[in-house]
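Step one of this worksheet: look at the structure below.
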Amino acid sequence: MGGIILKHFKPERAYFEAEALEYSLGRTLFKKLPDVGVPVEMIPSHNRVTGIPGKNPIDAYRNAKRTIVVGVKKSMELDICKPSANYQFSMSTGCIGSCHYCYLQTTMGKKPYIRVYVNTDEILDNINQHIEKRAPRLTFFEAASSSDPVGVEHLTGSLKKAINFFAKSKYGRLRVVTKFAHINSLLKLEHNDHTRFRFSLNSSYVIRNFEQMTATLDERIEAAEKIASAGYPLGFILAPIMHYEGWQDDYEDMFNKLKRRLDPSSIKDLTFELIQYRFTKAAKKVILERFPNTKLDMNEETRKYKWGKYGRGKWLYHNEQAAELDAFMRSQIQNKFPTARVQYFT
Ligand code: SF4
């Protein structure tokens with residue numbers, strides 16, 4: 001763990017719930033993090049973390065993004081996850097990335113620290129029960145709805161464990177999405193085609209301006225190539241697709257880069273998922289506090305409002321712009337990856 005942890009994300013501080021030390025992953029992290037210079041401290045509960053420094057929203061956010069909290073997952077209730085899977089589950093929450101538009105800006109509180117759960121066997125047992133209930137139908141599980149699981153994989157190894165679990169599962173299937181590229185530890189696993197990896201891609205403009213602390217476009221494409229060579233079913237999530245001056249040229253460049261590096265004939269069942277940019281009122285407020293100079297276009301006057309549950313609606317592009325984005329992406333895909341499937345545009 002030593003070398004890898006230094007090369008990738010290294011937390012500045014780690015907090016441990018006492019119960020986490022009853023699990024082998026908890027004990028390993030407790031022993032090894034101090035070895036690589038990460039101070040550790042015990043806390044009463046992973047939901048009550050009070051020691052993260054930061055008096056203003058920017059510092060609080062930055063410091064939390066460098067804080068890891070090691071705990072035990074108690075609630076085993078799984079949420080449904082449409083449109084990409086039947087259920088979502090998490091072995092970690094929060095993310096080491098710092099994307100301005102990220103949905104985690106509003107779901108993780110003022111200090112969005114990264115929580116990792118050490119009771120992975122219990123989490124997988126629970127998944128198994130859900131699979132058995134629906135058998136012989138296949139049940140799909142999304143692992144990346146409240147974190148980017150590749151981000152902390154060099155610390156936990158939990159994704160590897162999940163891939164191994166799903167490889168042996170007759171009716172369970174795993175879906176992962178990431179903006180990171182350190183996937184080498186996953187390449188030799190016997191995944192049995194039961195895990196679909198999707199890399200989240202975007203134009204260089206979007207990555208450069210809004211996706212801080214994530215892998216570059218080239219790194220993601222290189223990682224995707226390795227994942228395809230390892231025989232994993234592969235997909236791409238283009239999200240959030242943005243409509244800005246020059247977007248067509250930028251997205252075309254992205255598709256050209258992708259085509260140059262990937263041999264479509266070597267990829268099994270290539271899929272694309274297309275998600276247009278959207279924001280909520282609550283997100284806009286938090287984003288402007290944390291990134292006062294962001295170039296994100298959050299002008300409600302140029303958007304349409306879509307009502308949501310409990311009054312939590314969101315701002316989307318007008319139908320004409322959304323249709324333009326949808327048609328452009330589909331034609332690029334059709335041209336460059338004619339055998340690929342577009343699963344949805346939303
Ligand atoms: S990598 Fe994904 S989960 Fe992490 S901050 Fe960016 S959008 Fe959010």
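Numbering of ligands and ligand atoms starts at 1, following listing order. Only heavy atoms go into these numbers, but all of them, side chains included; no hydrogens, no water, no symmetry mates.
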Under-4.0 Å salt bridge between Asp59 and Lys55: no

Could you check which of [options] puts a non-hydrogen atom nearest to [atom]?
atom	options	answer
atom 1 (S) of ligand 1	Gln212, Lys179, His100	Lys179
atom 8 (Fe) of ligand 1	Cys102, Ser147, Gly94	Cys102
atom 3 (S) of ligand 1	Cys99, Cys95, Ala144	Cys95

Ring geometry between Phe291 and His100 (parallel below 30°, tilted from 30 to 60°, perpendicular above 60°): parallel

Centroid separation Phe328 to Tyr251 less than 6.0 Å: no

Structural part of Leu104 in contact with ligand 1, heavy atom criterion under 4.0 angstrom: side chain

Modelled atom types, side-chain donor and acceptor of Arg115 and Tyr113, under 3.5 Å: yes

